[in-house]
Amino acid sequence: MSLTDQEFSSVTKTIDVALGLPNRAYTEDSFLKDEYRKVFGRGWIGIAFESDVGQAGDMFPVYAAGQPLLVVRGHDNRIRVFHNVCRHRGAKLLDKPCSKKRFIVCPYHAWTYTLEGTLKATPYFSGPANHDHPPLEEGTQNLVEVRSGVWTHVVMVNLSGDAVPLKDWTARLDARWAPFDIETMTPGGDMTFEFNANWKLVLENFLESYHLPSVHPVLNSYSPLQDHVLVVDELFMGQLSLNYRPSDDGNALPRFQNLPEERQATGEYLLLF
């Protein structure tokens, strides 16, 4: 069952008059699906890193806001995102990442697309020895491209297609992070966890420093509770640690060059909505 826009708005506004959202907002699948459509689907969300498709012909399948998507780097070196669905019978085009491919080939009937999403071949479409497709008007069966862009090495998509331009969406955070040379950064690794709850429970915990002394005493030793402050803006929110000096077995970790003195020991954990 899906909520109407009015019902969804009524539930989410309860945070204005209570300490938090109702329990079902954290656990019910129907609520999460409404968030996919009414929150994540209408804005920009990150789905992959540029390095996930580092070379031409690299492809990276991912689910975002409940939608199967395919990130592809074309022969022109441009990154595009398509719905990971063949235009013929709706089969999923790719289940796992692959590299240096010349075409996108559906595993069901071998319909073949260029890396730019153009339908290239329809094997045996008109019979065992006939690959023609006269009923198909040129261009009508190409892959469906999703509006996308790249921000600080992150591949971003806007599923609804009508959000403000990406550079406008990120402008306030770009200004805040201007002292950091983020273009020099690369992904350091990834971890996977499974929870019997949706994203809100996980991220509310991540952005809450109250539990550091009891749950993470080592982290609290170099990023202490008393040095955390809340950051709230129009499109992002999170925590700021004013005394963040981590080390790796006693060795200082690499730092950004030319940082202002007041940013030398700050750690920021922000969510861009």
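Look at R263 and E268 and you find a salt bridge, because one of the NZ, NE, NH1 or NH2 atoms lies within 4.0 Å of a carboxylate O, short of that distance. For the pair R172 and D168, the salt-bridge criterion is not met [side-chain N within less than 4.0 Å of a carboxylate O]. A salt bridge is absent between R176 and E234; no separation between the charged side-chain nitrogens and carboxylate oxygens falls under 4.0 Å.
Under a 3.5 Å cut-off, the side chain of N84 and the backbone N or O of P61 do not form any donor-acceptor pair. Of the possible polar contacts, none joining the T112 side chain to the K120 backbone as a donor-acceptor pair under 3.5 Å is found. Side chain of D58 to backbone of G54: a donor-acceptor contact under 3.5 angstrom is found. Within the 3.5 Å criterion, the main-chain N or O of L143 finds no donor-acceptor partner in the side chain of H83. In this structure, the side chain of N198 engages the main chain of Y26 through a donor-acceptor pair within 3.5 Å.
No more than 12 heavy atoms of other residues, nucleotides or ligands sit less than 6.0 Å from atom OH of Y210.
Y269 and F206 have perpendicular rings, their planes meeting at more than 60° on a 0 to 90° scale where under 30° would count as parallel. Relative orientation of the W111 and H88 rings is parallel, given thresholds of 30° and 60° on the angle between their planes.
If you check the side chains of E50 and H153, you find a donor sitting under 3.5 Å from an acceptor. For the residue pair S160 and N158, a side-chain donor N or O sits within less than 3.5 Å of a side-chain acceptor on the partner.
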Apply side chain to side chain donor-acceptor pair (under 3.5 Å) to the pair D190 and T192, showing each step before the final yes or no. CA-CA 7 Å; D190 60 79; T192 301; 4.7 Å; no
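Partners of N77 under the side chain to side chain donor-acceptor pair (under 3.5 Å) rule, at least two apart in sequence or in another chain, are R73. Residues passing the ring pair (Phe, Tyr, Trp, His ring centres under 6.0 Å) test with F256, sequence neighbours excluded: F180. Annotation: salt bridge (Lys or Arg N to Asp or Glu O under 4.0 Å) contacts of K200 (sequence neighbours excluded): E35.
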